[in-house]
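Report on one structure; see the data block that follows.
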There are 2 protein chains.
Amino acid sequence: MNGNLDSEELILLLKEHGLRITPHRIQILEMIIAEGHPTVEEIAKRVPNMSLTTIYNNVKQFVSMNIVKELPFENGMSRYELAKTNNYHVICQSCGLIVDFTFPNLIEVEDLASRLTKYKVHRHIMGIYGICTDCQHTAAR
Amino acid sequence: MNGNLDSEELILLLKEHGLRITPHRIQILEMIIAEGHPTVEEIAKRVPNMSLTTIYNNVKQFVSMNIVKELPFENGMSRYELAKTNNYHVICQSCGLIVDFTFPNLIEVEDLASRLTKYKVHRHIMGIYGICTDCQHTAAR
DNA sequence: TTTAATGCAAAGAATTTGCAAGCAA
DNA sequence: TTGCTTGCAAATTCTTTGCATTAAA
């Protein structure tokens, strides 16, 4: 059900983009897959002995090459996920938990946007905000 | 066609939320309406003699009270618009121009998200990225 | 060997905080 | 008058940059 890649596939992914294969790059990508939608800080916590600079450098490069997608959040921090995932995010306003769901049809909205505004549209992001089940129960007590 | 408010309506809006009426608050809200989707910096440029702190404080308060919506951008800066506007944004990846368009039907997506994830959904934001007409022409030359 | 990747330290940019002075109610 | 609002200065936080060291190809 999930689109996880093993490390051989990650190596291929890097090679396709002309990037050198380093343990750090593999680890960063593995963390992005394993963690859901980590921030740079969260990646750093799970992968000790790696400089923040390296994480920033690589994540930035991955984003510019469209290997990784950047999800800007309202507190100014960004979260990251693999670019090949094709889903939307529901974010808990109370605890921050992010749950994914798939909804493939919004190309219609891109088309409409393109027609109405004459932009040449490439992509879109959507964040849906609410309260997760746990926080609903906590609040009910 | 636009949902502009005159300053009497802005005063009412502040009173409804129990906020004191100050010239600065009126000016900040007027700028948010007039500018489209300003950053804090852009508000400061148009309203000299107001401290950045005041703009940050008020905008933050407006957001927490849902008077103003925050649109997080990938460079880490946020842009702001009145919360009552009900539209989506197409953002030019080349020059940053934002064009609004109305598309009222996405409550369906909120409903679906709610059903699939059991979140209690409150709102969503969507950003559509592409190239504006001007930049398309510039690139064609 | 050649060039890219790493990481420390320092710089930069956006935002927040502490606190004193000013103004709305 | 009372307490919210304002704003300066300083502190914080997140991110980027310069440059010397290390490692991939």
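Each chain gets a letter, A, B and so on, in the order the sequences are listed, and its residues count up from 1.
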Closest-nucleotide ordering on DNA chain C, the 5'-leading residue of B/L52 and A/G18: A/G18
Residue met sooner reading DNA chain C from 5', once A/L19 and B/K60 are mapped to nucleotides: A/L19
Criterion salt bridge (Lys or Arg N to Asp or Glu O under 4.0 Å) on A/E110 and A/R123, from CA distance to verdict: CA-CA 7 Å; A/E110 286 195 4; A/R123 64 191 180 84; over 6 Å; no
Determine: side-chain N/O of [X] to OP1/OP2 of [N], distance under 4.0 Å, yes or no.
X: B/Y56; N: C/dT16; answer: no
X: A/N58; N: C/dT6; answer: yes
X: A/T22; N: C/dT6; answer: yes
X: A/H24; N: D/dA23; answer: no

Side chain of A/R20 (C-beta onward), nearest among D/dT17, D/dA24, C/dA24: D/dA24
Closest to the B/T53 side chain, choosing from C/dT15, D/dG7, C/dG7: D/dG7
Let me know the distance between [atom1] of [X] and [atom2] of [N], rounded to the nearest Å.
X: B/I55; N: D/dT6; atom1: CD1; atom2: C1'; value: 12 Å
X: B/Q61; N: D/dC4; atom1: CD; atom2: P; value: 11 Å
X: B/E70; N: C/dT16; atom1: CD; atom2: C1'; value: 14 Å
X: B/L14; N: D/dC4; atom1: CG; atom2: P; value: 16 Å
X: B/I26; N: C/dC23; atom1: CD1; atom2: P; value: 17 Å
X: B/N57; N: C/dG18; atom1: CG; atom2: P; value: 12 Å
X: A/N75; N: D/dC14; atom1: CG; atom2: P; value: 8 Å
X: B/I21; N: C/dA24; atom1: CD1; atom2: P; value: 11 Å

Joint cluster assignment, A/Y119 & B/I98, ILVMFWY side-chain distance < 4.5 Å: no
Donor-acceptor pair under 3.5 Å, B/R25 side chain vs D/dT5 base: no
Which residues share a side chain to side chain contact (heavy atoms under 4.5 Å, CB included) with A/S114, sequence neighbours left out: A/V121
B/H124 ring center within less than 6.0 Å of B/Y88 ring center: yes
Residue pair A/D100, A/H89: steps toward the side chain to side chain donor-acceptor pair (under 3.5 Å) verdict: CA-CA 5 Å; A/D100 296 350; A/H89 309 286; 3.0 Å; yes
